[in-house]
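We name chains A, B, ... by the order of the sequence lines, and we start the count at 1 in each one.
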Amino acid sequence: MARRRRLPRSFYARDPLEVAPDLLGTLLVHDGRVVRIVEVEAYCGADDPGSHAYRGPTPRTEVMFGPAGHLYVYFTYGMHWCANVVCGGVGEAGAVLLRAGAPVAGLDAIRAARPKARRDRDLTSGPARLCQALGIDGTYDGADLVKADRGVSLASDGTALTTEPATSTRIGLSQGADLPWRWYLPGHPDVSGRPR
DNA sequence: CCGCCGATCTTT
DNA sequence: AAGATCGGCGGG
């Protein structure tokens with residue numbers, strides 16, 4: 001087991017198109033539960049019609065316009081939470097959506113948090129499943145991943161990827177649907193969804 | 001495995 | 001009225 005090293009602020013303070021692929025293989029940690037990130041999507045603020053921040057700041061999206069390295073957690077479809085990592089400079093509203101992971105530790109707690117999952121592959125494959133599995137909800141909006149002020153952080157354990165990342169268009173969008181801003185580790189059982 | 005549909009509520 | 005989703009159901 002290699003030592004886990006929390007990602008520094010400088011990791012996040014770059015263009016989301018650079019940060020997103022670099023997040024593959026990193027560890028999302030909360031409350032004894034750890035998953036290895038295997039699927040992400042980049043969202044590029046005012047330059048991206050698919051971003052919640054495309055039309056400028058609102059109460060919902062204000063965290064995205066703040067400093068990098070914080071969580072942007074939003075509520076969708078009346079019942080689900082999804083988590084993004086804020087990237088780039090202040091005011092740019094870059095973000096990377098965490099779409100899927102592979103459980104690394106705390107499997108019992110993850111299973112307990114996902115009672116609807118029939119198979120293990122359904123535990124953390126999907127942005128809302130991932131949040132439910134790790135116990136991340138709206139109270140974590142704005143949480144600092146570098147300071148881990150609410151117990152959530154991202155770390156690297158130095159493990160090299162065994163699969164080359166692949167790209168595709170993003171899942172579930174009608175605006176910006178043609179942009180190839182999704183990265184994933186192909187063949188991984190936890191990778192979710194399909195582009196349209 | 002795949003496709004369809006309903007749930008449920010915030011945002012526009 | 002649509003949405004950065006999920007889970008249950010039916011069919012192949």
Side-chain angles (χ1 to χ4, degrees), chain A residues 12 15-17 19-21 23-24 28 35 37-66 68 70-88 92-103 110-143 145 152 154 166-184 186-196:
Chain A
Y12 304 102
D15 191 289
L17 299 178
V19 177
L23 279 171
L24 294 175
L28 178 63
V35 301
I37 298 298
V38 298
E39 181 188 357
V40 296
E41 285 174 355
Y43 288 85
C44 295
D47 304 324
D48 179 4
S51 171
H52 291 164
Y54 185 54
R55 294 164 195 282
T58 65
R60 175 171 71 151
T61 62
E62 63 177 338
V63 167
M64 266 198 287
F65 288 83
H70 292 251
L71 277 185
Y72 162 54
V73 182
Y74 69 91
F75 187 60
T76 192
Y77 289 103
M79 59 193 97
H80 301 303
W81 297 100
C82 298
N84 294 249
V85 175
V86 176
C87 299
E92 294 177 355
V96 175
L97 174 65
L98 305 177
R99 284 197 59 91
I110 288 173
R111 287 201 179 108
R114 293 273 305 125
K116 299 272 182 63
R118 302 195 134 268
R119 308 165 297 175
D120 275 359
R121 60 182 302 160
D122 297 326
L123 287 172
T124 51
S125 57
R129 293 168 176 167
L130 187 56
C131 281
Q132 195 179 7
L134 292 209
I136 294 170
D137 62 17
T139 65
Y140 292 81
D141 188 36
L145 296 166
V152 183
L154 275 164
T167 63
S168 82
T169 54
R170 297 172 291 182
I171 309 282
L173 300 195
S174 54
Q175 307 294 313
D178 51 330
L179 298 167
W181 288 352
R182 171 176 178 249
W183 286 262
Y184 60 101
H188 196 285
D190 289 310
V191 169
S192 74
R194 304 174 301 290
R196 301 195 208 261

Under a 4.5 Å cut-off applied to non-hydrogen side-chain atoms, are [X] and [Y] in contact?
X: A:Arg182; Y: A:Ser168; value: yes
X: A:Val85; Y: A:Val40; value: no
X: A:Val73; Y: A:Asp137; value: no
X: A:Trp181; Y: A:Val96; value: no
X: A:Val86; Y: A:Tyr12; value: no

Criterion side chain to side chain contact (heavy atoms under 4.5 Å, CB included) on A:Val35 and A:Leu98, from CA distance to verdict:
CA-CA 11 Å; A:Val35 301; A:Leu98 305 177; over 6 Å; no
Closest-nucleotide ordering on DNA chain C, the 5'-leading residue of A:Leu130 and A:Gln175:
A:Gln175
Other residues, nucleotides, ligands: >12 heavy atoms within 6.0 Å of A:Phe75 CZ
yes
In dot-bracket notation, what is the pairing pattern of DNA chain C, taking Watson-Crick (N1-N3 plus N6-O4 or O6-N4) and G-U wobble (N1-O2 and O6-N3) contacts under 3.5 Å, with [ ] crossing and | for other strands?
|||.|||||||.
Who are the salt bridge (charged side-chain N to carboxylate O under 4.0 Å, His left out) partners of A:Arg118, not counting sequence neighbours?
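A:Arg118: no salt bridge (charged side-chain N to carboxylate O under 4.0 Å, His left out) contacts found.
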State which residues pass salt bridge (charged side-chain N to carboxylate O under 4.0 Å, His left out) with A:Asp48; sequence neighbours excluded, sorted by chain then number.
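Here the qualifying residues are A:Arg170.
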For DNA chain B, which residues in residues 52-62 of chain A have a heavy atom at a distance below 4.0 Å?
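Contacting residues: A:Thr58, A:Arg60.
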Could you tell me how far apart [X] ([atom1]) and [N] ([atom2]) are, to the nearest whole angstrom?
X: A:Trp81; N: C:dC6; atom1: CH2; atom2: C1'; value: 16 Å
X: A:Glu39; N: C:dA4; atom1: CD; atom2: P; value: 15 Å
X: A:Glu41; N: C:dT5; atom1: CD; atom2: P; value: 8 Å
X: A:Leu98; N: C:dT5; atom1: CG; atom2: C1'; value: 15 Å
X: A:Tyr43; N: C:dG3; atom1: OH; atom2: P; value: 12 Å
X: A:Asp141; N: B:dT10; atom1: CG; atom2: C1'; value: 14 Å
X: A:Asn84; N: C:dT5; atom1: CG; atom2: P; value: 11 Å
X: A:Ile171; N: C:dT5; atom1: CD1; atom2: C1'; value: 11 Å

Is any NZ, NE, NH1 or NH2 atom of the basic residue among A:Arg60 and A:Asp141 found under 4.0 Å from an Asp or Glu carboxylate oxygen of the other?
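A salt bridge is absent here (no side-chain N lies under 4.0 Å from a carboxylate O).
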Please step through side chain to side chain contact (heavy atoms under 4.5 Å, CB included) for the pair A:Met64 and A:Asn84, ending with a clear verdict.
CA-CA 9 Å; A:Met64 266 198 287; A:Asn84 294 249; 5.6 Å; no
Rounded distance (nearest 0.5 Å) linking atom CG of A:Asp122 with atom NZ of A:Lys116:
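Separation between the atoms: 12.5 Å.
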Among A:Tyr74, A:Tyr43, A:Phe65, whose ring pair (Phe, Tyr, Trp, His ring centres under 6.0 Å) with A:His52 holds?
A:Tyr74
Within residues 73-80 of chain A, find the residues that approach DNA chain C with a heavy atom at under 4.0 Å, and present them sorted by residue number.
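Output list: A:Tyr74, A:Tyr77, A:Gly78, A:His80.
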Once each nucleotide of nucleotides 7-12 of chain C is scored for protein heavy atoms under 4.0 Å, what B/S/- sequence comes out, 5' to 3'?
SS----
Tell me if a side-chain donor or acceptor on A:Arg99 pairs with a main-chain N or O of A:Glu39 at a distance below 3.5 Å.
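Looks like no, no N/O pair under 3.5 Å.
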Can a side chain N or O of A:Ser51 be found less than 4.0 Å away from OP1 or OP2 on C:dA4?
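Result: no.
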